[in-house]
Amino acid sequence: MRIGIIGAGRIGSSLARHFAGIGHEVVLANSRGPETLQALVTGIGGPVRAGTVEEAAAFGQVVVVSVPYGRHRELPAETLRGKVVIDTCNYYPERDGHDAELDGDSTTSSEKIQAFTGADVVKAFNAIYWEYLRDRGRPRGDPGRLAIPVSGADEEAKAVVAGLIRDIGFDPVDAGRLGEGGRKHQPGTTVYGAELSAAETEALLHAA
Ligand SMILES: NC(=O)c1ccc[n+]([C@@H]2O[C@H](COP(=O)([O-])OP(=O)(O)OC[C@H]3O[C@@H](n4cnc5c(N)ncnc54)[C@H](OP(=O)(O)O)[C@@H]3O)[C@@H](O)[C@H]2O)c1
């Protein structure tokens, strides 16, 4: 699969390494330009290259958005429209600036990214601590596999993302639709940042 990744920090670079490691073609972008990512992509090796944000968005059949939430309005919405977009972003007002709608919980960060881009947004990888994402992938059936909650409106898009999660060594757990489901794995929830199996995650999401 062709995967674009916008945001090459802790989460974006960990995903680039995982996806390239299982043979997906990856274009990785940050805000400062591809020349600043050469050492990183060389270190990852395999089918990953650095590109501009526009290139990553255009290249991906699936595009990961992994930037500070407050920067999402810089995304190339025209290019992302209609694509499967994996949103790893979390809203931290002290970093991102206050958003009255999010502070009032009338909507969620992922729904705002969906509205801004017109993409089929799937919220995933937002609740896992980046070092667990980098280091804790395990083969199928391994009892130590960690769960990754996933939410989104489009079932097909969610299935694509769930497949990617399984393939890189984690267990996807469906949290429901983007708003209602996403609220169950945002910062402050019981599953957020926790080291949980799929069964433990399902129980906590169900109780939420
Ligand atoms: N750290 C975690 O454990 C963790 C876990 C789950 C989810 N998250 C969430 O996932 C997102 C990424 O987190 P992170 O820890 O990976 O962040 P990070 O290490 O600070 O990296 C952020 C990346 O976003 C890039 N970026 C910023 N604005 C951009 C723009 N307009 N266009 C393209 N790239 C842009 C930065 O590029 P430059 O350096 O060139 O500006 C950098 O590569 C955040 O929303 C975070 O809350 C984090």
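Order of appearance sets the numbers: ligands from 1, and atoms from 1 within every ligand. Just the heavy atoms: all of them, side chains too, but no hydrogens, waters or symmetry mates, feed the values below.
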Counting only pairs under 3.5 Å, give me each side-chain donor-acceptor contact of residues 5-22, with atom names and distances, residues two or more places apart or in other chains.
unit_1: Ser13; atom_1: OG; unit_2: Gly9; atom_2: O; d: 2.6
unit_1: Ser14; atom_1: OG; unit_2: Arg10; atom_2: O; d: 2.6
unit_1: His18; atom_1: NE2; unit_2: Leu133; atom_2: O; d: 2.6

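Under a 4.0 Å N-O distance rule, the pair Arg177/Glu180 does not qualify as a salt bridge.
For ligand 1, the 4.0 Å heavy-atom shell takes in Ile6, Gly7, Ala8, Gly9, Arg10, Ile11, Asn30, Ser31, Arg32, Val53, Ser66, Val67, Pro68, Tyr69, Arg71, Glu74, Thr88, Cys89, Asn90, Arg95, Phe125, Asn126, Ile128, Tyr129, Trp130, ordered by chain and residue number.
The distance between the ring centers of Phe116 and His72 falls below 6.0 angstrom.
Considering all non-hydrogen atoms of both residues, His185 and Ser151 come closest at NE2-OG, 2.9 Å.
In this structure, Asp105 and Arg183 have side chains that are in contact, with non-hydrogen atoms separated by less than 4.5 Å. Between Val191 and Leu196, the closest side-chain pair of non-hydrogen atoms falls below 4.5 Å.
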